[in-house]
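For reference, the structure is listed below as structure tokens.
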There are 2 protein chains.
Amino acid sequence: MKGIRRLAQHLDISIGTVSRALNGRPDVKEETRKRVLEAARQFGYVPNQSGRSLRQGTTNIIGFMIQTGSEITGQGDTFFMSVFDGVQEVFARHKLDLVALLCSSQEDPTEYLRRAVARGFADGLILSATRRHDPRVELLAERNIPFVTLGRTLTDAGQPWLDLDFEGMAQASIDRLVARGHRRIAITLPHNDANLGYVFVERCRQALSAHGLILDESLIFRSTPNEAGGYQIGRDLLALEERPTAIVLINETIATGLYRALLEAGVRPGADIAVIGRHSPQANFLSPSLTCFRLSLHDLGIALAETLLSSMPAFAYHYPDAPPNRLWPMELVEGESDALQAHQF
Amino acid sequence: MKGIRRLAQHLDISIGTVSRALNGRPDVKEETRKRVLEAARQFGYVPNQSGRSLRQGTTNIIGFMIQTGSEITGQGDTFFMSVFDGVQEVFARHKLDLVALLCSSQEDPTEYLRRAVARGFADGLILSATRRHDPRVELLAERNIPFVTLGRTLTDAGQPWLDLDFEGMAQASIDRLVARGHRRIAITLPHNDANLGYVFVERCRQALSAHGLILDESLIFRSTPNEAGGYQIGRDLLALEERPTAIVLINETIATGLYRALLEAGVRPGADIAVIGRHSPQANFLSPSLTCFRLSLHDLGIALAETLLSSMPAFAYHYPDAPPNRLWPMELVEGESDALQAHQF
DNA sequence: CCAGCGACCGTAAACGTTTACGGAACTATG
DNA sequence: CATAGTTCCGTAAACGTTTACGGTCGCTGG
């Protein structure tokens, strides 16, 4: 005898009552509930997940899909760890469990996701590293399973999304640099078709043209979003005949590599070239200090969770005024890396 | 009509046959199997996870437990992503899915794990960030659920484990530094009771005493295992009346912070103090380059998976000679950060 | 022609829950 | 006392699979 039956036998009541007691149903005597809870604690009984979710068609699990192998997203562990922690802060209130669905770099993400949802693995999903054309959102939309994306796509299907405000970053960076006299401004992009790249480059173009400038295509650098990619960008940049006087980095992780390439060549960020980047745990320890855009990953996680829950009927009433879509602002942290004024040349 | 029944109805055969066909049972006509597989593909049918695992008591899921919040483990940006990818390379061969069980920093890891196993969530588990006294291993051992730990504990219960060879690192580092004339050697430790700290400090002590030296307790630095911790260590070290001439870093992530603190004070790694650390994605971009111990995280993941599977009856025969316990070697990468000879003083 | 066998497939039970339904005991009301 | 209402609990069906068991059919060998 196992599981709920064992408990019922021990208490000499029916399994139905045990279940009701544990699930907080009203039609069970308070004294009985006490006994059941006590016995459950004592036996270490926890309802079997499979049985429960088979019956009620719900798993109490939310999946956060991420790709392993790390070269793809360019987000490091610490990024997700912090976001996860925020997400869980919200989920804990609803007895929801967060698990990370790990899609191997060997596997097609859409197929992976298709399998996961067909198996009925999770009640809801969080998608990250969204691509410009992302078949995953169509898949989930037509399956009618609640989800939220961290990042917009071109193929948005009306699902809730959160996205970092890359437009704001682009605008602020360009304005700031132009105001300081820069005319040749380089930018970096991830070289896959991540959606954020398009958003970013487009807004940079706009912002520049508002100042009567055009974005020189030869100053758009694409690379893998990691340290090595940053190093390569640095080398490529230095090899140009006519160097830019400033560069804006879209990814967190490339700054260290870029610094290395520049410093090796005796080019000092902030003195010989202006650099604006994204904040990362390492950013504080770069020298000269990096001017960068920062955000609270923990709060981002909280918002992500709330946004998802507000789209799930069972939880929506807890979050009546969570907006379905949000552009998450980033805060500019002034450092030394963009100190120079271009007219110093 | 849904699920397997729908498929069966459409093909005009029984659900039993459909199941057998999909599961590769021998007693089904080859032509029938073809039809079933084709229909399944066409309908996008995937067996419901709950139903399946309820019946066979198995989930085909392996859980990798990690703590979110990131300050705890101190693993760098891409550590887990790379390990995961290796693990999955092995699991993919057995149609096992890897999911990350995310324990919030708010929650007690043991309780979290207890819930997860009681729910019958996974067929096997991988534990990381093992503590010296880790109640999780007792829990899993008495529940008789297959698991492997990344890191030993004092309370090992005969389970398979893998651990980085911190002894080897300690020995090699001390020998190397002593051979170069260093007498005052500092080391760093994480300040929680992670097991690796004890292993490391003990072996350092031994190695030093083999050279007739003793480990000065005031040269043992404890900190959070991240950049900020490294910075703090640097400051503390510089404040000492009698500075060490060398320091060995146990964590990946603290080198950047340490460098910053040293360089701010005009103390150059490799010239004014010798530094030996652990490799990380950022390590390549430190200047002067860091002498460090490196390992293939992908291969570590593979080994971890194989070790776990070899302890699971259903898979063991695939891995007849996987050792239950392994000390994973790290390779020394020579950099400039420990170039100085102490007798230069 | 019959027994025996193998190949294939249908039937139904089982896995561990939750929950609709109904019934028993008790209380309140007239 | 009869009736209605309330409170609590037991019964059993249902969720979607897998699999033991047995049955049908066709074939083979005597």
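Letters go in sequence order (proteins before strands), and every chain restarts at 1.
A salt bridge is absent between B:Arg35 and B:Glu38: the closest approach of a Lys/Arg side-chain nitrogen to an acidic carboxylate oxygen does not fall below 4.0 angstrom. Note on B:Arg131 versus B:Asp193: salt bridge recorded, some NZ/NE/NH1/NH2 to OD/OE distance being below 4.0 Å. A:Glu30 has a carboxylate O that lies under 4.0 Å from a charged side-chain N of A:Arg33, or vice versa, which qualifies the two as a salt bridge.
Backbone-only contact: A:Thr32 has heavy atoms under 4.0 Å from sugar-phosphate atoms and none from a base.
For A:Glu30 and D:dC9, the CD to P distance is 10 Å, given to the nearest whole Å. Atom P of nucleotide C:dA24 and atom CG of A:Asp27 are separated by 17 Å, given to the nearest angstrom. With rounding to whole Å, A:Lys34 atom NZ is found 16 Å from D:dC8 atom C1'.
The aromatic rings of A:His10 and A:Phe43 sit tilted, their planes meeting at an angle between 30° and 60°.
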Original post:
Where along nucleotides 13-19 of chain D does protein come under 4.0 Å, by heavy atom, of base (B) or sugar-phosphate alone (S), with - for untouched nucleotides?
Top reply: BBBBBBB

Subject >> A:Phe79 vs A:His298, ring pair (Phe, Tyr, Trp, His ring centres under 6.0 Å): CA-CA, chis, key distance, verdict >> reply: CA-CA 9 Å; A:Phe79 179 90; A:His298 189 85; over 10 Å; no

Filtered N/O pairs between nucleotides 23-25 of chain D and protein, under 3.5 Å:
none

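For A:Thr32, the side-chain contact (heavy atoms from CB on, under 4.5 Å) partners two or more places apart in sequence, or in a different chain, are A:Ile13, A:Thr17, A:Val28, A:Lys29, A:Val36.
With hydrogens and angles left out, the side-chain atoms of A:Thr58 and A:Asp123 include a donor and acceptor closer than 3.5 Å.
Here the side chains of B:Met81 and B:Leu297 are not in contact, with every heavy-atom distance at 4.5 Å or above.
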